[in-house]
Amino acid sequence: MERTISVLVNDRPGVLARIAGMFSRRGFNIASITVGTAEEEGLSRMTIVSSGDDAMALQIVAQLQKLIDVIEVHDISRDQTVKRELALVKVHITKTTRPEIAHILEPFRVSIVDVGHASLTVQATGDVQKIDALIGLLRPFGVAEIARTGVTALLRSGVLESGYAGADTPYRPLIEADATNDDDLFETERE
Amino acid sequence: MYGSSDAAAPAAAYEFVDQMNAGVVRTGADLLCSLLQQAGVDVIFGYPGGAVLPIYDALYSSSLRHILTRHEQGAIHAAEGYARVTGRPGVVLATSGPGATNLVTGIADAYMDSTPLVVLTGQVVTESIGRDAFQEADIVGITMPITKHNYQVRDIDTLPQVIADAFHIATTGRPGPVLIDLPKSVTSGPARDAVLPAPDARGYRVPGHPSDEALTAIQDAIRQARKPLLYVGGGIISAGAAETLRQFARVNQIPVTSTLLGLGGFPAHDELFVGMLGMHGTYAANQAITNCDLLIALGVRFDDRVTGKLQRFSPHSKKIHVDIDPAEIGKNVPVDIAVVADVGLTLQALAADRLSADTGEWRAQIAAWEAEWPLRYRADDTCLKPQAVIELIAKRTRGEAIVTTEVGQHQMWAALFYPFSEPRKFVTSGGLGTMGYGFPSALGAQVALPGETVVCIAGDASFQMNIQELQTMVDYALPVKIAVINNRFLGMVRQWQQFFYDRRYAESRISSPDFVKVANAYGVLGLRASTFDEAKVAIEQAFAHEGPVVIDFVVQEEENVFPMVPPGKGTDEMTLEWEG
Ligand SMILES: Cc1ncc(C[n+]2csc(CCOP(=O)(O)OP(=O)(O)O)c2C)c(N)n1
Ligand SMILES: [Mg+2]
């Protein structure tokens with residue numbers, strides 16, 4: 001299954017290389033990785049989307065925890081999270097397709113951030129399915145370029161995380177919880 | 001030195017020299033030496049070069065001892081030997097570029113075998129980093145996957161904390177190598193002396209006591225077991241838990257098998273000891289692991305050389321795994337009771353009560369396996385048997401020597417036929433299987449413990465991988481006894497070719513120089529033995545001699561190591577003899 005792992009790391013040179021290197025060396029896949037400054041100065045938060053069974057997820061968490069620059073690791077795959085991605089999509093336009101595209105975009109609550117004679121650039125935020133859906137609908141018009149940030153995520157308020165592997169907490173396997181995804185496609189401004 | 005990498009801003013340099021002369025400041029290298037001493041370092045194994053000139057200059061007037069080897073690989077394996085026999089971190093120093101890359105094999109070796117090292121490398125001046133300067137290599141990038149952690153110090157003010165953290169990380173938890181890359185501009189620049197701070201690595205936590213739930217689960221499992229087996233490894237030795245293990249095993253009458261790296265963690269002569277397990281484990285140990293109903297794995301990592309084919313590994317047992325490294329748990333073999341804790345503290349907590357039911361029947365079964373196929377070899381009067389050489393050395397040293405090995409058949413014979421009764425006596429490259437490790441590691445062991453008898457059991461081929469260190473041995477008058485098990489082959493390679501490639505000995509026959517003459521050329525006593533009787537005499541002479549000795553044991557060429565679990569087979573599918 002898909003795994004979302006939230007990693008709090010020291011904001012130091014080479015940290016990304018350590019993490020990416022560990023994933024490639026051990027044959028773990030990375031679907032996406034995002035990095036940005038975290039709540040505390042000197043720390044960054046990474047959100048890594050990977051895949052694997054429970055045993056592999058435990059290994060990923062344990063191997064991450066082993067890196068000295070990693071402060072905290074949370075496998076939040078089965079938790080209630082807010083997951084968001086931002087995408088910029090440049091789509092070809094003509095006089096005739098323009099109104100049609102505008103019509104398609106409307107329910108997505110996207111913003112048009114750049115308009116030219118032959119193309120316009122749409123900025124969309126939301127979960128992965130929403131972005132995928134949007135891109136799917138735009139493809140027939142001719143998509144020139146896509147840039148996606150990859151998913152970044154946080155636990156929803158009041159949710160206790162499962163599968164935390166702190167080195168000083170006794171080992172415990174991932175707690176089976178129902179996979180919940182209560183984000184619906186079009187609702188982006190709920191929180 | 002050539003090139004621009006040495007160019008510093010002249011004005012600043014002059015000012016610095018003035019300040020130095022006025023006694024206001026010292027160099028980064030002086031600070032480094034001071035911090036190393038505060039960290040308890042007494043000896044450094046190293047080799048100089050341009051980027052570490054400031055450090056060598058500081059060492060010149062420091063009381064730190066420096067051992068100059070003939071190759072950086074020799075230095076790092078010596079540091080590993082030092083670390084393995086003392087439990088203290090080995091410290092290595094090499095220059096940038098080729099000096100640093102020559103350390104890579106040793107770093108990988110130490111990482112695999114959890115050997116604590118602090119590796120210091122020179123680097124080009126900070127302004128030149130990333131510009132492919134003379135002797136620049138990205139050693140931090142190169143060693144990321146083979147160090148526990150690594151650092152590049154770009155600001156001298158961070159050095160005290162880096163040194164404190166490096167020693168802390170290298171020596172605690174699961175030990176391992178930590179590398180510190182030191183640009184020349186930092187070690188030659190100004191610095192003030194500083195007190196070594198307390199370690200402060202926020203993301204680094206060392207597991208300690210097991211949880212109460214874990215202890216209860218272990219106790220219950222032991223109470224229910226009829227055929228328990230302790231499977232112990234290097235973790236017992238790093239944790240200093242050999243004595244507690246002995247008590248625990250004896251109180252509960254649980255048989256013990258050990259990995260290669262765990263040898264000495266439990267006394268070989270103890271009744272409960274079943275021998276080493278795995279690819280070249282004893283018949284009884286491999287039968288026991290296959291048939292036990294409770295496997296108590298302590299400080300081990302279920303390496304493929306131990307488990308054989310995973311599906312056949314200990315199929316009937318409930319498995320307890322105690323390790324200080326959470327990432328080892330469930331990595332190769334799923335376990336029932338996983339405990340992330342210090343094995344020593346776990347054993348202490350368990351050792352209090354007698355837990356196990358009567359294991360008499362199980363021990364009788366193991367004794368029957370031991371009788372069925374004891375460790376043995378076919379005697380042959382026409383040649384010198386390699387196993388007999390090990391037995392003679394064991395006898396002469398009463399099983400009390402520090403034994404290092406190279407890698408190959410002789411290594412397995414040493415593991416099987418030398419009875420290790422104490423921890424930190426057996427120094428061998430297990431995880432990486434590094435030929436060229438044994439001889440320099442013997443030198444490091446002898447530097448650390450000058451009063452001990454240190455024997456290097458070497459292969460004719462492996463010895464040639466770092467034979468240049470003979471001169472280091474001579475320089476420092478290290479009385480190491482080098483026993484070359486000379487079979488004129490890359491014996492272990494040849495054995496596999498015999499078994500699995502239809503005796504097609506591709507490139508595994510290897511020639512050697514006359515080792516006696518080589519020894520003599522270095523001013524070292526050289527002896528040769530080609531028969532059992534000659535071997536006895538040579539060993540007597542070698543151990544009576546005060547200085548170092550090289551003994552060339554001309555042994556049977558095509559002897560094989562048995563038992564052997566062929567690759568892809570289960571631990572109980574041992575080959576005990578080879579016909580054809
Ligand atoms: C650096 C290195 N290169 C290659 C090997 C592969 N290898 C394993 S054992 C062996 C033969 C060792 O020969 P020798 O030292 O004579 O020992 P023997 O097996 O004959 O006792 C080789 C080539 C290795 N382990 N390490
Ligand atoms: Mg050989």
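These values consider heavy atoms only, across backbone and side chains, with no hydrogens, waters or symmetry-generated copies. Each chain gets a letter, A, B and so on, in the order its sequence line appears, and its residues count up from 1.
Contact detail for A:Ile68 and B:Ala201: the closest heavy-atom pair is CG2-CB, 4.3 Å. B:Ala327 and A:Lys66 get closest at one heavy-atom pair: CB-CD, 3.8 Å.
Atoms CG and CZ, on B:Asn150 and A:Arg18 in that order, are 4.5 Å from each other to the nearest 0.5 Å. Here CG of B:Asp325 is found 7.0 Å from CD of A:Gln63. Values are rounded to the nearest 0.5 Å. For the atom pair A:Leu58 CG and B:Lys331 NZ, the distance stands at 14.5 Å (nearest 0.5 Å).
Residue B:Asp165 does not touch chain A at all, counting heavy-atom pairs closer than 4.5 Å. Neither the backbone nor the side chain of B:Ile324 comes within less than 4.5 Å of any heavy atom in chain A. In this structure, chain B has no heavy atom under 4.5 Å from any part of A:Ala55.
Within 6.0 Å of CZ in A:Arg25 there are more than 12 heavy atoms belonging to other residues, nucleotides or ligands.
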